[in-house]
Amino acid sequence: MPRGQIGPVLRQLPSTTLSFKFLIMTRVRFAPSPTGYLHIGGARTFIFNWLYARRRGGTMILRIDDTDVVRNTQASLDSIYEGLRWLELGWDEFYRQSERLELHRKAAWAIFEKGHAYRDFTPASEAVENPTGPWLFNPGMRELTRAESDRRAGAGEPFVLRFRVPRESRQEVVVQDHVYGTVSKATGDIEDFALLRSNGMPTYHMASCADDADLRITEILRGQEHLANTFKHVLIFESLGVETPRTAHLPLLMAPDGAKLSKRIHGPVVSVTTYRDAGFLPHAFVNFLSLLGWSPKNDREKMSREELVELFSLDGINRSNAIINFTAEEPFDPKALWLNAEHLRSLHHAELSQRLMPYAEKAGFAGATPDKLRAIAPLIQERMRLLGEVATVADFFFLEPRSYDPGELIPQKGDAAMAAGALRKSKEILSDLPAFDHATLESALRAAAADVKLKTGQMFQPVRVAVCGRKNAPPLFETLEALGRDTVLARIDFALGLL
RNA sequence: GGCGCUAUCGUCUAAGGGUUAGGACGGAGCCCUCUCAAGGCUCAAAUACGGGUUCGAAUCCCGUUAGCGCUACCA
């Protein structure tokens, strides 16, 4: 069983007595069903729950809602763990609904015993549709006497256990949602939903409510798609005789076309692992998602995990859906990219190089070590938006530039002779320099440029291209220093051979 | 179809009766500069529509339109 580590924020909180904690302790849960990969909407729901739990000094629970045996897959479960672990947030308690079925069934039959549920023997194939309004219940089943119901069940006839939604008088089910305020629905518009399937498995509604009650969940933060379900849940909680947890429904994350995010339609961009593989920093990703549907209301954008915890409040959650921007060419929201770049820039060189290692290896940088990456970290840190971009930003530190266009060596308003002249002069100067640090290099090369009457740009470009294989690169002198004299001279020789 | 929810720059959002409707990303331009970045400055860009209420509406009310969700023995 995977364990989430408890974040440092919780450990910093003052400890309270057990009984005091028990009374006010906030308990929230993220309850994915393992029927697909972890997508960014799910990740955001997890993050909001986590932030709320940490803010309140409460408990974050991961509960796998796996009551749909037909659609559950191990691959999906693995993908959820993988995605959540990458977030580096952790969780405090873990449950699987499939291990708690007896609890759910007991709750369902308790509702039945109270007369708030009934057996429906209508075969699934005979379900009737109501073209003019909503389907509410199958005919003849609500009225079955208890004796008749018991007899048919005893005879082995399959049935679904349904909640008996009150229909005698007009009633309203009222929900006080933290985000959407007072929302109500007439019982006349709520169908007799299922509690137990004919195979004896609890439905989502039943399992979810029974577990929320048993786990003493205090607040439910979940996607807005569940807002309409909440009326059913209130009915269940009331029938169970327990208090309904307070709900806060989150506005949904949508695709740029306003449609629901879907892997089938929108591709891998909706999967959390895509962000990881591209080189997002977990806390930058958390920061980005936290800003979708929530605002600290003080114009803060870049926030550390600790700042997010400190600032998080249910009051800052919006009611309208948020669009996450991506295109076929650019799979990541520009703001996500910007935030990641911001967080990348504030990393210590040691941590940056550590985080860079796997991406350097993936890029095939043979000599890449944490030490070497650390040495070049200051040169590439503000030139990357994603860790994966190390492949294109730092290539020449590890691989010999050989395939560039020799024309690139020729500076503005110059010719091959000028480029060759600049390179020869540089080679001469660089060979004799007593030291090879960037300050020495800079003054020497500037003096050399004046010496041969070249503008600095005309002098430096040939060297830069010879050494980096392209015109756009990190600062020249620091780069030369990092590469070392032998490599630099060899590359200048190679370039001279191209001219 | 029925029910529920939502509507501020392209996107994320702030303002909850009185603001030149603010910020950020992205875009454009300028500056800095050995290139690229980063940074600094500037510009363009929004209250869906129609009615009310009010001295005054992005803000409150009604309607329209649009979008989203629920309407399963999925979650």
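No hydrogens, no waters, no symmetry mates; every other heavy atom, side chains included, goes into these values. Keep in mind that this is a model prediction, so the values were computed, not measured.
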**Prompt:** Side-chain N or O of A:N138 less than 4.0 angstrom from OP1 or OP2 on B:C73?
**Reply:** no
**Prompt:** Which of the following nucleotides, B:U35, B:A14, B:A75, is nearest to the side chain of A:N318?
**Reply:** B:A14
**Request:** Please measure how far the P atom in B:G26 lies from the corresponding atom in B:C12, and state the result in whole Å.
**Result:** 16 Å
**Request:** Counting Watson-Crick and G-U wobble pairs only, both distances under 3.5 Å, name the nucleotide matched with B:C41, or none.
**Result:** B:G29
**Request:** Answer yes when A:E382 and A:R345 have at least one side-chain N-carboxylate O distance shorter than 4.0 Å, and no when they do not.
**Result:** no
**Request:** Using a 4.0 Å heavy-atom cut-off across all strands, classify A:H249 as base, sugar-phosphate, or nothing.
**Result:** nothing
**Message:** Counting the atoms with a prime plus P, OP1 and OP2 as sugar-phosphate, which does A:V183 contact under 4.0 Å by heavy atoms, base, sugar-phosphate, or nothing?
**Reply:** sugar-phosphate
**Asked** Counting only distance, no hydrogens or angles, is the base of B:C36 paired donor-acceptor with the side chain of A:R383 under 3.5 Å?
**Response** yes
**Message:** For the C1' atoms, the ones on B:A15 and on B:C60, what distance do you get once it is rounded to whole angstrom?
**Reply:** 16 Å
**Euclidean distance, atom CZ of residue A:F193 to atom C1' of B:C70 [Å, nearest integer]** = 13 Å
**Prompt:** Between A:R319 and B:U6, is there a side-chain N or O to OP1/OP2 distance below 4.0 Å?
**Reply:** yes
**Asked** A:R44 or A:S320: which one's nearest nucleotide on RNA chain B is closer to the 5' end?
**Response** A:S320
**Request:** Pick the C1' atom in B:A21 and in B:A46, then give their distance to the nearest Å.
**Result:** 9 Å
**Prompt:** Checking all strands, does A:M254 fall into the base, sugar-phosphate, or nothing category for heavy-atom contacts under 4.0 angstrom?
**Reply:** sugar-phosphate
**Asked** In whole angstroms, how far is the P atom of B:C25 from the CD1 atom of A:I324?
**Response** 18 Å
**Prompt:** Taking the P atom of each, how far is B:C68 from B:C25, in whole Å?
**Reply:** 30 Å
**Request:** Classify the nucleic acid contact of A:F288 as base, sugar-phosphate or nothing, counting any heavy atom under 4.0 Å across all strands shown.
**Result:** nothing
**Asked** Nearest of B:A75, B:C12, B:G23 to any side-chain atom of A:T67?
**Response** B:A75
**Complementary nucleotide of B:G1, counting Watson-Crick and G-U pairs under 3.5 Å** = B:U71
**Request:** Determine, for A:D212 against A:R63, whether the closest basic-nitrogen to carboxylate-oxygen distance falls under 4.0 angstrom.
**Result:** yes
**Prompt:** Can you tell which of B:C73, B:C68, B:C25 lies closest to the side chain of A:W338?
**Reply:** B:C25
**Prompt:** Paired with B:G16 by Watson-Crick or G-U wobble geometry, both distances under 3.5 Å: which nucleotide is it?
**Reply:** none
**Asked** Base, sugar-phosphate, or nothing: which does A:K471 touch, judged by heavy atoms less than 4.0 Å apart?
**Response** base
**Asked** Taking the same atom, P, in B:G2 and in B:U20, what whole-Å distance lies between them?
**Response** 45 Å
**Asked** Is the closest basic N to carboxylate O distance between A:K335 and A:E301 below 4.0 Å?
**Response** yes
**Request:** Report which part of the nucleic acid A:P475 touches: base, sugar-phosphate, or nothing (heavy-atom distance under 4.0 Å, all strands).
**Result:** base
**Request:** Report which part of the nucleic acid A:A322 touches: base, sugar-phosphate, or nothing (heavy-atom distance under 4.0 Å, all strands).
**Result:** sugar-phosphate
**Item:** Sugar-phosphate only, base, or nothing, as touched by A:E342 at under 4.0 Å among non-hydrogen atoms
**Value:** sugar-phosphate
**Message:** Whether A:K455 contacts B:C34 is assessed here as follows: a side-chain N or O lying under 4.0 Å from the phosphate OP1 or OP2. Is that the case?
**Reply:** no
**Request:** Let me know the distance between CG of A:N472 and P of B:U35, rounded to the nearest Å.
**Result:** 10 Å
**Message:** What is the separation between atom CG on A:L227 and atom P on B:G69, rounded to the nearest whole Å?
**Reply:** 13 Å
**Item:** B:A24 - base-pair partner by Watson-Crick or wobble geometry, distances under 3.5 Å
**Value:** B:U11
**Prompt:** Charged N to carboxylate O under 4.0 angstrom, A:R355 versus A:E351?
**Reply:** yes
**Fill in**
Correct closest heavy-atom pair for A:A43 and A:F285 would be CB-CE2, 4.3 Å
**Request:** Take the protein atom CD of A:E478 and the nucleotide atom P of B:A38, then report the distance between them rounded to whole Å.
**Result:** 17 Å
**Complete:** Out of B:A24, B:G69, B:G2, minimum distance to the side chain of A:K260 belongs to B:G69
**Complete:** As its Watson-Crick or G-U partner within any shown strand, both distances under 3.5 Å, B:C34 has none
**Prompt:** Quick one: is A:N325 getting a side-chain N or O under 4.0 Å of the B:C12 phosphate, OP1 or OP2?
**Reply:** no
**C1' spacing across the pair B:A45 / B:G22, given as an integer number of angstrom** = 14 Å
**Asked** Do A:T456 and B:C34 have a side chain to base donor-acceptor pair shorter than 3.5 Å?
**Response** no
**Complete:** Whole-Å distance, A:H104 NE2 to B:C73 P, equals 19 Å
**Prompt:** Within a reach of under 6.0 Å around CD of A:Q412, are more than 12 heavy atoms found that belong to other residues, nucleotides or ligands?
**Reply:** no
**Message:** Main chain of A:T440, side chain of A:S443: is a donor-acceptor contact present, judged purely on distance under 3.5 Å?
**Reply:** yes
**Asked** Is there a Watson-Crick or G-U wobble partner for B:A57 with both distances under 3.5 Å, and if so, which one is it?
**Response** none
**Prompt:** Within the structure shown, what part of the strands sits under 4.0 Å from A:P474 by heavy-atom distance: base, sugar-phosphate, or nothing?
**Reply:** base
**Request:** For B:C31 and B:A37, measure between their C1' atoms and round to the nearest Å.
**Result:** 16 Å
**Message:** Need one value for A:E191: base, sugar-phosphate or nothing, where a base atom within 4.0 Å counts as base even if backbone is also close, heavy atoms only.
**Reply:** sugar-phosphate
**Request:** Answer yes or no: is there an ion pair linking A:R470 with A:D395, defined by an N-O contact shorter than 4.0 Å?
**Result:** yes
**Item:** Gap between atoms OH and P, on A:Y180 and B:C5 respectively (whole Å)
**Value:** 10 Å
**Message:** Would the base of B:A24 count as contacting A:K335 through its side chain, where contact means a donor and an acceptor less than 3.5 Å apart?
**Reply:** yes
**Request:** With C1' as the reference atom in both, quote the distance from B:A58 to B:U13 in angstrom, rounded to an integer.
**Result:** 14 Å
**Request:** Counting heavy atoms from C-beta on, name the nucleotide in B:A75, B:C3, B:G69 closest to the side chain of A:D189.
**Result:** B:C3
**Message:** Can you work out whether A:E382 or A:D257 has the more 5'-proximal nearest nucleotide on RNA chain B?
**Reply:** A:E382
**Base partner of B:G63, which must satisfy Watson-Crick or wobble distances under 3.5 Å** = B:C49
**Asked** Which nucleotide sits closest to the side chain of A:R345: B:C73, B:G39, B:C12?
**Response** B:G39
**Item:** Side-chain N,O (A:S208) to OP1/OP2 (B:A75) below 4.0 Å
**Value:** no
**Prompt:** Can you tell me how far P of B:C34 sits from CD of A:E442, to the nearest Å?
**Reply:** 8 Å
**Asked** Under the 3.5 Å rule, do the base of B:A75 and the side chain of A:N229 count as making a donor-acceptor pair?
**Response** yes
**Prompt:** With a non-hydrogen cut-off below 4.0 angstrom, is A:L252 in contact with a base, only sugar-phosphate, or nothing?
**Reply:** sugar-phosphate
**Asked** More than 12 heavy atoms of other residues, nucleotides or ligands under 6.0 Å from CZ of A:R424: is that the case?
**Response** no
**Message:** Tell me if a side-chain donor or acceptor on A:E191 pairs with a main-chain N or O of A:W135 at a distance below 3.5 Å.
**Reply:** no
**Asked** For the base of B:G69, is there a side-chain donor-acceptor partner from A:N321 under 3.5 Å away?
**Response** no
